[in-house]
Amino acid sequence: MPSSTRFLMLLRQLAHGSLFVLCAAQLDATSYVIATLSDDAVNNGNCTLREALRAADTNLPVDSCAAGGSSDTINLPNGTYPFAGGEVLTASGSLTIQSQTLNPFNVSIDLGNAGNFIYLQGGGSFVLDGLEIKNGMAPGPFFLGGAIDAHAVSLEIRNFRFLSNHATTGGGAVNYESNAATNLFVHNGAFLSNGVLGNASSASAGGAARVSALNGADADFRDVTFLGNSAASSSGFAVQGGALRFETDSSGSIASCSRCSFQNNTAVSTVSAGATGAFHSTAFNGSTTQLLDCRFSSNSATGGGANLKAAAVAAGSNSGSTVLFERLFVDFNGGAAADPATYDMVLDGFGGTMALVDSQLTFGAAGGLNVTTNSIATLGHLTIADYSTFGATLVANSGQILLQNSIVAFSVSDLGTAGNVVQTTNFIGGDPLFLNEPGGDYHLSASSLALGSGTNGAVSVRLADLEHHGRIVGVATDIGCYEFDGLFADNFEVRDTGSWSATMP
């Protein structure tokens, strides 16, 4: 046979082989378009949402739903889908559940307080896109995740609304736990009026969402609104986050919330235990928790007797872990009663490091910032003002607290310290001449004594201030969270402008 003929035959074989591989890959993915709003799992000739979930999970036909493959998609046309009682998904492939318009205002899954939506395990990969999930109730025996309970899977939730879901123990809407290198991404959506009701045997954690990221797992919340969520407890355990609870453990595990807004979230402890109104985190053994560019307003923590409470934020670091909070706006939290045991933010360090920089804490019902540490806490470029008890209480039992380039003013007692608290060019007490302090504007006026009075070389100095304006305008940086007359920092990516990157003014 001529070599040219053999070559052509080989090309033909390769082409047919490639075509077979392509067809196999196409056949291994099933797309379901749900044409009914009914919720049933009987053999009646339709393909419901529930039946599609089962077909995709088992890779077997269910009623008129085709067998799933290794990568499936369930598409939901506009409408409200009743769903009474959750489904357990254990396959190791990938599944996307999405509305056809990717708009959560068009597609709603109504759980009717009869259970949650899905329980996920088995190491698979899941995407939920453009959905509203509402009226869920976490089932026993663990009572976690009123809408979604996920364990050691990769999960992405985007363009979403979780509305009026409830659990007894944790994760009013979403509970996520992983002790493996899996990812949770929660982007661009809202948690509205979800709650944890509390029980007699465990802490109540995460009125909207609870995350436990261990052994290399990570969680990333971004552009998320937490509004009107709640957690309560009638036991002797603490209430850990009326909206969001993070726990991380081991090196490589990280949980972060960026550009998140927390408003009107509540924590209520009816016994002698602590409570955190909006966000609570604990980091262990080299792991990291972060809050970046987040806003907290009108959150509250009540009850618990004389125990320390955090109206907005509480965090703990342990055993070489890192807690990093940058550019937080914390204003008008605490509720109506000036409980002297309540601060807007409480930080506890029992090892590892903590940093709070470029942040405003103002006008709460009682105290502003409470920091107790046995290791290192760095506080820089803070503006703390208008509290009815302490503006800031800093206690270094061992280790060290650094307070740098910060304003603490207009509180009944501006600053209380104990132990090794090292101060660098702060403005404590007196009138720093804000632009309009009675009106709630804590920018510096042109005549402020804090202008150009900071220390450029302090370890807490970052590229940008609370509003992403560049630091060190002129010879020396200003004191407080706002840099006077600053423009956007030269590195525009700090602003995180999304799809564009500006390089010219």
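Atom set for the values below is all heavy atoms of this structure, side chains included, hydrogens, waters and symmetry mates excluded.
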Participant: Taking all atoms of both residues into account, what is the closest heavy-atom pair of Gly216 and Ser250, and its distance?
Facilitator: N-OG, 3.6 Å
Participant: Kindly write out the residues that satisfy salt bridge (Lys or Arg N to Asp or Glu O under 4.0 Å) with Arg295, not counting sequence neighbours, or none if the list is empty.
Facilitator: none
Participant: Looking at every non-hydrogen atom in both residues, tell me the closest pair between Leu89 and Leu53 and how far apart they are.
Facilitator: CD2-O, 3.9 Å
Participant: Arg158 pairs by side chain to side chain contact (heavy atoms under 4.5 Å, CB included) with which of Val127, Leu128, Val186?
Facilitator: Val127
Participant: Using the ring of Phe83 (Phe, Tyr or Trp, six-membered ring only), decide whether Arg50 places NZ or CZ under 6.0 Å from its centre and within 45 degrees of its axis.
Facilitator: yes
Participant: Do you know the tightest heavy-atom contact between Ala152 and Ser178?
Facilitator: CA-OG, 3.5 Å
Participant: Go through the side-chain N and O atoms of Asn229 and Asn194 and say whether any donor and acceptor fall under 3.5 Å apart.
Facilitator: yes
Participant: Looking at Lys309 and Thr302, what are the two nearest heavy atoms and their distance?
Facilitator: CD-C, 4.1 Å
Participant: Is a donor from one side chain sitting under 3.5 angstrom from an acceptor on the other, for Ser71 and Ser94?
Facilitator: yes
Participant: Between Thr276 and Ala314, which heavy-atom pair has the shortest distance, and what is it?
Facilitator: OG1-CB, 3.4 Å
Participant: In Å and rounded to the nearest 0.5 Å, what is the CG to CD1 distance from Leu369 to Ile384?
Facilitator: 5.0 Å
Participant: When you check the side-chain N and O atoms of Tyr442 and Asp331, is any donor under 3.5 Å from an acceptor?
Facilitator: no
Participant: State whether Arg259 and Asp223 are salt-bridged, where the test is any N-O pair (Lys NZ or Arg NE/NH1/NH2 against Asp/Glu carboxylate O) under 4.0 Å.
Facilitator: yes
Participant: Ignoring hydrogens and angles, state whether a donor on the side chain of Asn135 or Asn113 is under 3.5 Å from an acceptor on the partner side chain.
Facilitator: no
Participant: My understanding is that only residues two or more places apart in sequence, or in another chain, count here; which of them pass ring-ring contact (aromatic ring centres under 6.0 Å, His included) with Phe279?
Facilitator: Phe246
Participant: So if I apply the side chain to side chain donor-acceptor pair (under 3.5 Å) rule between Thr282 and each of Glu247, Arg245, Gln240, which one comes out positive?
Facilitator: Arg245
Participant: Looking only at side-chain N and O atoms, does Glu177 offer a donor or acceptor that is under 3.5 Å from a partner on Ser212?
Facilitator: no
Participant: Measuring from Phe191:CZ to Asn265:CG, what's the distance to the nearest 0.5 Å?
Facilitator: 11.0 Å
Participant: Apply the test side chain to side chain contact (heavy atoms under 4.5 Å, CB included) to residues Glu132 and Asp110: give CA-CA distance (whole Å), side-chain angles for both, the deciding distance (0.1 Å), then the verdict.
Facilitator: CA-CA 8 Å; Glu132 176 186 74; Asp110 189 345; over 6 Å; no
Participant: Can a donor-acceptor pair be found between the side chains of Thr425 and Asn405 at a distance below 3.5 Å?
Facilitator: yes
Participant: Is a side-chain donor-acceptor pair under 3.5 Å present for Glu483 with Thr477?
Facilitator: yes
Participant: Which atoms form the tightest heavy-atom contact between Gly274 and Ser269, and what is the distance?
Facilitator: O-CB, 4.2 Å
